[in-house]
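First comes the structure, then the notes that go with it.
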Amino acid sequence: MIRRRRRIQPLRRTKPVLILGIESSCDDAAAAVLETHAPGQATVRSSVVAGQDEIHGRFGGVVPELASRCHVRSIVPVIEGALKLAGCELAQIDAIAATRGPGLVGSLLVGLMCAKGLAQALGLPLAGVNHIEGHLLAPLLEHRVAMPFLALVVSGGHTALFLVEGFGRYRRLGGTRDDAAGEAFDKVAKLMGLGYPGGRIIDEMARQGHRGRFKLPRARVRGARFDLSFSGIKTAVALTLRDRANGADAAPHDLAASFQEAVVDMLLKPTLAAAREHEVATIALTGGVAANSRLRQRLAAEAESAGFGVVAPSLKYCTDNAAMIALAASYRLLRAERDPLDLDAEASLAL
Ligand code: KG4
Ligand code: ZN
């Protein structure tokens, strides 16, 4: 007797599919409802984010234990908020997507466990998502971008250049050898006593500062054109601050502007070189640091004058959110792929 293998049914394609996305990899608990009918074609019905800046602010950085405890309290209200804003009930959701790594394992587990519980209880397919893939595809939430495109992912945990060749096909061209760009912003803000998260504060201060006032180094990694390093600049800022003779502490706006300009210089050089080498039409800027006004302004100007198109998500989709997680799951869910319910969180999940 020939046994017929049970086929997994693709998600219904006659009507749009509703995906509930959940994200909790670091200090933001987020949920979103995404409506989609084809890969890369999606409408965000809702996107809710509960941040924890007030909790971690006084420590100058994310405290993992506090982050996961806070997620435990906020994840259910955030999911309920996303459903309400989308005007739908849990019963209308077709699939669940959640970040499974990389990130803080205690934080990841809260969102992933919640997603697994919902998938089990409602009998829905589950997709675990790589957080970086979410950032890479975030520009597609609002823009049509032809593939391949080059993506510069700049966040608090990651800084890398990827060639996005298709859904699920990402080639890492280079990235930071030490700190992420956002980490450098946060650490420099801490050194300057500015608060957390530092990126937005430095961005605002730099508007009133003189960019050429302090000469800070632009690090290069020998033999790796698309690699970056941000640990040296952090030390250079620390030394500048210590050197009272040059009046650094009397000119925090100038120091913020000089630091930001150096980071932008270091990010733009390999990005434009990679875009040229790989002959892409478009450069996508994504991740929390993509919110930086000077980076957006200079990338737009310099990439466009070199003949490349530039896309960047609006600010709410640059920083961590669950709409990008639902989108990164959508192309797999649409072709009937799903993850098992014993899926585990992975702090250093590779893309
Ligand atoms: O993507 P994200 O929300 O979380 C991670 O996956 O890391 O990025 C957070 C990072 C923080 O380091 C924060 O300081 C930085 O993004 N950031 C900025 C700006 N807004 C947020 N950095 C520079 N300029 C900004 N305007
Ligand atoms: Zn992120």
Side-chain angles (χ1 to χ4, degrees), residues 21-30 32 47 49-53 56-57 59-62 64 67 71 98-104 107-108 111 129-139 141 151-160 162 175-176 179-192 194-207 209 230 233-234 256-257 259-264 266-268 284-299 312-325 327-328 347-349 351:
I22 300 175
E23 151 68 34
S24 68
S25 63
C26 190
D27 60 338
D28 290 313
S47 178
V49 182
Q52 305 174 357
D53 290 353
H56 304 289
F59 301 102
V62 177
H71 284 330
T99 307
R100 64 175 287 239
L104 303 170
S107 289
L108 286 164
V129 173
N130 184 304
H131 182 82
I132 308 298
E133 184 177 16
H135 278 306
L136 285 180
L137 299 180
L141 287 168
L152 171 63
V153 187
V154 265
S155 73
H158 309 274
T159 294
F162 284 91
T176 184
D179 291 350
E183 204 177 345
F185 270 99
D186 296 339
K187 285 179 178 171
V188 163
K190 190 176 179 182
L191 285 172
M192 293 175 70
L194 299 177
Y196 173 86
R200 203 179 49 229
I201 304 169
I202 289 186
D203 191 352
E204 274 159 26
M205 282 184 74
R207 285 167 215 239
F230 293 103
I233 191 161
K234 189 186 61 195
F259 161 75
Q260 179 174 272
E261 200 66 6
V263 172
V264 172
M266 283 190 278
L267 288 170
L268 288 192
L285 179 63
T286 176
V289 183
N292 185 267
S293 59
R294 183 71 180 150
L295 179 60
R296 290 171 91 97
Q297 179 196 33
R298 279 195 51 198
L299 180 65
S314 51
L315 300 190
K316 62 180 186 241
Y317 299 133
C318 284
T319 45
D320 288 349
N321 66 88
M324 68 181 192
I325 300 304
L327 183 74
S348 351
L349 183 69
L351 187 64

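Because the structure is a prediction, the values reported are computed rather than measured. Counting convention: from 1, in listed order, for ligands and their atoms alike.
Note: Asp186 CG to Leu191 CG = 11.0 Å, rounded to the nearest 0.5 Å. Rounded to the nearest 0.5 Å, atoms NE2 (His135) and CG (Leu351) are 12.0 Å apart. Separation of atoms NE2 (His71) and CD1 (Ile22) is listed at 12.0 Å; rounding is to 0.5 Å. Summarising the geometry, atom CG belonging to Leu267 is positioned 10.0 Å from atom CZ belonging to Arg298; distances are rounded to the nearest 0.5 Å.
Counting the atoms of ligand 1 from 1 in the order shown, those under 4.0 Å from a heavy atom of Thr319 are 3 (O). If you number the atoms of ligand 1 from 1 as listed, the ones under 4.0 Å from a heavy atom of His131 come out as 6 (O). Listed by number with element, the atoms of ligand 1 under 4.0 Å from a non-hydrogen atom of Gly157 are 7 (O). For ligand 1, the atoms sitting less than 4.0 Å from at least one non-hydrogen atom of His135 are 1 (O), 6 (O), numbered in the order shown with element in parentheses. Per-residue contacts place Gly182 under 4.0 angstrom from the following atoms of ligand 1 (heavy atoms of the residue considered): 12 (O).
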For Gln260 and Phe185: C-alpha separation, side-chain torsions, deciding distance, then whether side chain to side chain contact (heavy atoms under 4.5 Å, CB included) applies. CA-CA 8 Å; Gln260 179 174 272; Phe185 270 99; 4.1 Å; yes

Yes or no on side chain to side chain contact (heavy atoms under 4.5 Å, CB included) for Asn292 and Val154, after CA distance, side-chain angles and deciding distance? CA-CA 10 Å; Asn292 185 267; Val154 265; over 6 Å; no

Report the C-alpha distance between Arg296 and Leu285 in whole Å, list the side-chain angles of each, state the deciding distance to 0.1 Å, and finish with yes or no for side chain to side chain contact (heavy atoms under 4.5 Å, CB included). CA-CA 8 Å; Arg296 290 171 91 97; Leu285 179 63; 4.0 Å; yes

Decide side chain to side chain contact (heavy atoms under 4.5 Å, CB included) for Met324 and His131; before the verdict, give the C-alpha distance in whole Å, the side-chain angles of both, and the deciding distance to 0.1 Å. CA-CA 9 Å; Met324 68 181 192; His131 182 82; 3.7 Å; yes

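Nearest heavy-atom pair, Leu108 versus Thr99, reported as atom, atom and distance to 0.1 Å: CD2-CG2, 3.8 Å.
Counting protein heavy atoms only, atom 10 (C) of ligand 1 is closest to Gly156 N, 3.5 Å. The protein heavy-atom contact nearest to atom 18 (C) of ligand 1 is Gly199 CA, 3.5 Å. Protein heavy atom nearest atom 14 (O) of ligand 1, with residue, atom name and distance: Asp186 OD1, 2.6 Å. In this structure, the protein non-hydrogen atom closest to atom 26 (N) of ligand 1 is Asp203 OD2, 2.9 Å. The protein heavy atom nearest to atom 20 (N) of ligand 1 is Gly288 O, 3.6 Å.
Of all the listed residues (Val153, Val289, Asp53, Asn292), Val289 holds the heavy atom that lies closest to atom 15 (C) of ligand 1.
Among the atoms of Phe185, none of the N or O lies under 3.5 angstrom from an N or O of ligand 1. Ligand 1 has an N or O atom lying under 3.5 Å from an N or O atom of Asp320, backbone or side chain.
Residues satisfying the salt bridge (Lys or Arg N to Asp or Glu O under 4.0 Å) test with Lys187, not counting sequence neighbours, are Asp179, Glu183.
Aromatic ring pairs are classed by plane angle as parallel below 30°, tilted from 30° to 60° and perpendicular above 60°; the pair Tyr196 and His56 is perpendicular.
Counting only protein N, O or S atoms, 3 lie closer than 2.8 Å to the Zn ion (ligand 2).
A donor-acceptor contact shorter than 3.5 Å links the side chain of Ser107 to the backbone of Cys26.
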